[in-house]
2 protein chains.
Amino acid sequence: MSGAKLLLVEDDPALSELLVYRFQNEGYDIRATPDGDDALILASEDTPDLVVLDWMIEGTSGIEVCRRLRRDKTTAHVPIIMLTAREAEDDRIRGLETGADDYLTKPFSPRELLARVAAVMRRVRPALAGEMIAVGDIALDPAAHKVTRLGQELQVGPTEYRLLQYLMESPGRVFSRGQLLDNVWGTSSEIELRTVDVHIRRLRKAIAVEGAADPIRTVRSAGYSLEAV
Amino acid sequence: MSGAKLLLVEDDPALSELLVYRFQNEGYDIRATPDGDDALILASEDTPDLVVLDWMIEGTSGIEVCRRLRRDKTTAHVPIIMLTAREAEDDRIRGLETGADDYLTKPFSPRELLARVAAVMRRVRPALAGEMIAVGDIALDPAAHKVTRLGQELQVGPTEYRLLQYLMESPGRVFSRGQLLDNVWGTSSEIELRTVDVHIRRLRKAIAVEGAADPIRTVRSAGYSLEAV
DNA sequence: CGTGAATGCGACACTATTGTGACAGCGTTT
DNA sequence: AAACGCTGTCACAATAGTGTCGCATTCACG
């Protein structure tokens, strides 16, 4: 499991099924539901990396789903791509107003949607889109699952790798231990906060190379951040 | 029988015959049928690598064939090139919506279609385009169905061959066990993930030669990749 | 300077993941 | 019918990774 988590909200069974196959084939971890209320529950249970949202759906309407996703803290920043009917200009505008990141008018080809999703993912979570990310002298290649520093390949364990990737996605930003546990370890983590310290230490050791400073900054009583060196 | 397997669904006998001749000449393993239902049966019996599908055909319509191909797990990912009448814009759009990968409007020259097919094949499965691929000191010849390392011919079983070919198509890239099952074994596989490990081991043993390192990298909790040695 | 809280660090038991040899089922060939 | 090659699973061995603990060290603040 390497791809980004998608949530598809689409009430046309044929289209939904088709898209699920296509996205799975591209390596995405996609779940689908035809129902707006259900979508909100799914999104809150396991925050997706991106939501594809049909405008016309059963239950809570697309625009309402969009609005509520934005209201909830855990999903407020999740990118949303809206699917709208062809001539519904008003809908499109209102959709973007409500906070959608992109839209696609029906009919569209699966490939078009794939391209849009990939584009948004590249912008928001480059590493999940398979894009190489670099911070200072450290480079991370998600496709090859490799980390290099100053051209030197580093040996990084699974958890340290995920931790590093997460830190690299927002360089300079300070994350609390709780945030790191939620985003790197996963939702249902009943893990000691201090465990984060240990993995930070292991990560520091793993990315240490001759003649390069420690890029991980400890912010006392706040958390850690990765600085460009 | 070396080239990629094509399935042509075309009810104009003259055109069909011409295309079959041309594609066979190019080394493709092509079968043709004028009937939509027949096409579905042929496709399920022996999954083709690509389908060329006329929009207007007898029996089940083109769009329906397209949709059903996508619905069936074993054929869901097979690229489809649609042949449409010149002015049928709506058809084209609906075709793409239904999951076709590319289209060609009649009339077209056989050469055009050959180019499209080759382009799609190169994108999807480079080795199936009949091109020799080499990674490090390993060379795989799809035409001759042979694998050599350091000039030495290797004895590789069928599954190991497909596995190696797939890994060689994206050297350095890490694939999860699930991805490998989907792409090497086929989408309908209800097979244990650990089975991949066993075949990786068999492949490792098969491609081991004196004085050469193991090119297969195990990425713990992620999958495997083939590195250029 | 003290002092308490926060963080760094090494060790350790435990768990999860992967490597490996063996085996039985199956279809094909001899 | 026997022999063979290939396949998918299994059980077990070998590793690698994980979470906690206890203690050392550092830091902010009076």
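Atom set for the values below is all heavy atoms of this structure, side chains included, hydrogens, waters and symmetry mates excluded. Every chain is numbered from 1 and lettered A, B, ... according to where its sequence line falls, protein lines coming before strand lines.
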Review point. In whole angstrom, what separates A:L181's CG from D:dT18's P?
Key: 13 Å

Study note, to complete from the structure: Side-chain atoms of B:H199 come closest, of C:dG8, D:dG19, D:dG8, to D:dG8

Exercise for review: Find the distance A:L193:CG to D:dC21:P and express it as a whole number of Å.
Suggested key: 12 Å

Exercise for review: Could you tell me which residues satisfy side-chain hydrogen bond (donor to acceptor under 3.5 Å, both in side chains) with B:Q24, sequence neighbours excluded, listed by chain and number?
Suggested key: none

**Study point:** Whole angstrom value for the distance that separates C1' of D:dT7 from CH2 of B:W185
**Key:** 10 Å

Practice item. Under 4.0 Å from any atom of DNA chain D, heavy atoms only: list the residues of residues 154-161 of chain A that qualify, in numerical order. Key: A:P158, A:T159, A:E160

Revision key, fill the gap. B:A212 meets the side chain to side chain contact (heavy atoms under 4.5 Å, CB included) criterion, sequence neighbours left out, with B:D137, B:R149, B:L150, B:V209

Exercise for review: Would you check if the side chain of B:R162 reaches a backbone N or O of B:V184 as a donor-acceptor pair within less than 3.5 Å?
Suggested key: yes

Check your understanding: A:V219 near the nucleic acid: base, sugar-phosphate alone, or nothing, with a heavy-atom cut-off under 4.0 Å?
Key -> sugar-phosphate

Study note, to complete from the structure: So the ring pair (Phe, Tyr, Trp, His ring centres under 6.0 Å) pairs with at least one residue in residues 190-229 of chain A (sequence neighbours excluded) are A:W185-A:H199

Review point. Roughly, in whole Å, what's the span from CD1 in A:I200 to C1' in D:dT20?
Key: 17 Å

Exercise for review: Check each residue of residues 202-214 of chain B for a non-hydrogen atom within less than 4.0 Å of any atom in DNA chain C, then write out the ones that pass by number, or none.
Suggested key: B:R202, B:R204

Check your understanding: Any side-chain N or O of A:Y224 under 4.0 Å from OP1/OP2 of C:dG8?
Key -> yes

Practice item. Could you work out which one of C:dG8, D:dT7, C:dG21 sits closest to the side chain of B:R162? Key: D:dT7

Point to revise | Whole angstrom value for the distance that separates C1' of D:dG19 from CG of A:D197 | key: 12 Å

Review point. Under 3.5 Å, side chain of A:D141 to main-chain N/O of A:M132, donor-acceptor pair present?
Key: no

Practice item. Indicate yes or no for a side-chain donor-acceptor contact from A:D29 to the backbone of A:A4 under 3.5 Å, with no hydrogens or angles considered. Key: no

Check your understanding: Once you round to the nearest 0.5 Å, how far does CZ of A:R71 lie from CG of A:L40?
Key -> 10.5 Å

Check your understanding: Taking only residues two or more places apart in sequence or in another chain, which ones pass side-chain hydrogen bond (donor to acceptor under 3.5 Å, both in side chains) with A:T218?
Key -> A:R204

**Study point:** Residues A:R201 and A:D214 bridged, charged N to O under 4.0 Å
**Key:** no

Exercise for review: Taking A:E10 for its side chain and A:D12 for its backbone only, find out whether a donor-acceptor pair lies under 3.5 Å.
Suggested key: yes

Check your understanding: Of A:E192 and B:E192, whose closest DNA chain D nucleotide lies nearer the 5' terminus?
Key -> B:E192

Exercise for review: List the protein contact pattern of nucleotides 23-30 of chain D with one symbol per nucleotide (5' to 3'): B for base contact, S for sugar-phosphate-only contact, - for none; contact means a heavy-atom distance under 4.0 Å.
Suggested key: ---BBS--

Check your understanding: Between A:G223 and B:R177, which has a closest nucleotide on DNA chain C that is more 5'?
Key -> A:G223

Review point. Got a sec, which residues hit side-chain hydrogen bond (donor to acceptor under 3.5 Å, both in side chains) with B:T148, two or more places apart in sequence or on another chain?
Key: none

Exercise for review: Scan residues 117-154 of chain A for pairs that pass ring pair (Phe, Tyr, Trp, His ring centres under 6.0 Å), counting only residues two or more places apart or in two chains.
Suggested key: A:H145-A:Y161

Check your understanding: Within a reach of under 6.0 Å around CD of B:E17, are more than 12 heavy atoms found that belong to other residues, nucleotides or ligands?
Key -> no

Practice item. Please report the closest heavy-atom contact between A:A127 and A:I133, naming both atoms and the distance. Key: CB-CD1, 3.8 Å

Check your understanding: Can you name the side chain to side chain contact (heavy atoms under 4.5 Å, CB included) partners of B:S170, sequence neighbours left out?
Key -> B:R173, B:F175

Exercise for review: For B:R201 and D:dT7, give me the distance from atom CZ to atom P, rounded to whole Å.
Suggested key: 14 Å

Exercise for review: Mind checking the CG-CG spacing from B:D54 to B:L15? Nearest 0.5 Å is all I need.
Suggested key: 7.5 Å

Exercise for review: Drop me the distance from A:L164's CG to A:L167's CG, to the nearest 0.5 angstrom.
Suggested key: 6.5 Å

Exercise for review: Starting at the 5' end of nucleotides 25-30 of chain C, put B wherever the base has a protein heavy atom under 4.0 Å, S where only the sugar-phosphate does, and a dash everywhere else.
Suggested key: ------

Check your understanding: For the helix from C:dC1-D:dG30 to C:dT30-D:dA1, what is the angle between the axes at its two ends, each from 5 pairs, rounded to 10°?
Key -> 20°

Exercise for review: May I ask you to evaluate whether B:T195 reaches the phosphate of D:dT9, defined as a side-chain N or O under 4.0 Å from OP1 or OP2?
Suggested key: yes

